[in-house]
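Below: one structure, written as structure tokens.
What you see is a predicted model, and the numbers here were worked out from it, not measured in a lab. A note on names: the letters A, B, ... follow the listed sequences, proteins ahead of strands, and every chain is numbered from 1.
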Amino acid sequence: MANDPIELHIMKKIFNAEKLFFRIGELSSMTGVSTRQLRYWEQKNYIHSIQRDDEQSARVFHFKEYARVSGIKYFLDQGYSLQAAVKQVNQYIDVSHFLHKFVKEGIKTVKTSNNTCEIDLGWLDEAKTQHLYARLEDEKFKYYVE
DNA sequence: GTTCTTACA
DNA sequence: TGTAAGAA
């Protein structure tokens, strides 16, 4: 069974981050950002919570907001203004989207056995005559065309 | 007990 | 941005 290819959509089901939600108190203790700040940042449209039934009900934040808040907090601690910190975080989130897209589309199948790994990176050419593979050898990835 | 808004420092 | 109030 160890040689069965790993399917990425199964991994996504095993760890489905889309289902993670937090209330303001949790998000605050997770990030070290006060609830007062979180409410203010949301009012400024720097972060967003999920649609509420009415303005009096508790905010609910998606896990992606945890990454955003943590990022803003990081750059704030580095001395950036709140505005500049948000701008920095937006750039990093853009990069993370590109990387996610790259992994999602670029990795076809993964085979593993005994601490080795082979990743099928798909067709190398338009004519689809050659596949590009990455293999783990001696703790390092090497690339092959076959 | 937690979160909400509003208001003041 | 922190803190305190009273309500939900």
How close or far is atom C1' of C:dT1 from atom NZ of A:Lys44, stated in whole angstroms? 13 Å
Take nucleotides 3-9 of chain B nucleotide by nucleotide from the 5' end and write B, S or -, depending on whether a protein heavy atom sits under 4.0 Å from the base, only from the sugar-phosphate, or from neither. SBB----
Run the side-chain hydrogen bond (donor to acceptor under 3.5 Å, both in side chains) check on A:Ser57 and A:Asp53 step by step: do they pass? CA-CA 7 Å; A:Ser57 62; A:Asp53 296 336; 5.4 Å; no
I want to check one thing: is the phosphate of C:dG2, taken as OP1 and OP2, less than 4.0 Å away from some side-chain N or O of A:Ser34? yes
So how far is it from A:Tyr46 OH to A:Ile72 CD1, rounded to the nearest 0.5 Å? 9.0 Å
Charged N to carboxylate O below 4.0 Å: is that the case for A:Glu137 and A:Lys140? no
A:Tyr92 and A:Phe75 aromatic ring geometry - parallel, tilted or perpendicular at 30°/60° bounds: tilted
Flag the pair A:Lys142 and A:Glu118 as a salt bridge only when some basic side-chain nitrogen lies within less than 4.0 angstrom of an acidic carboxylate oxygen. no
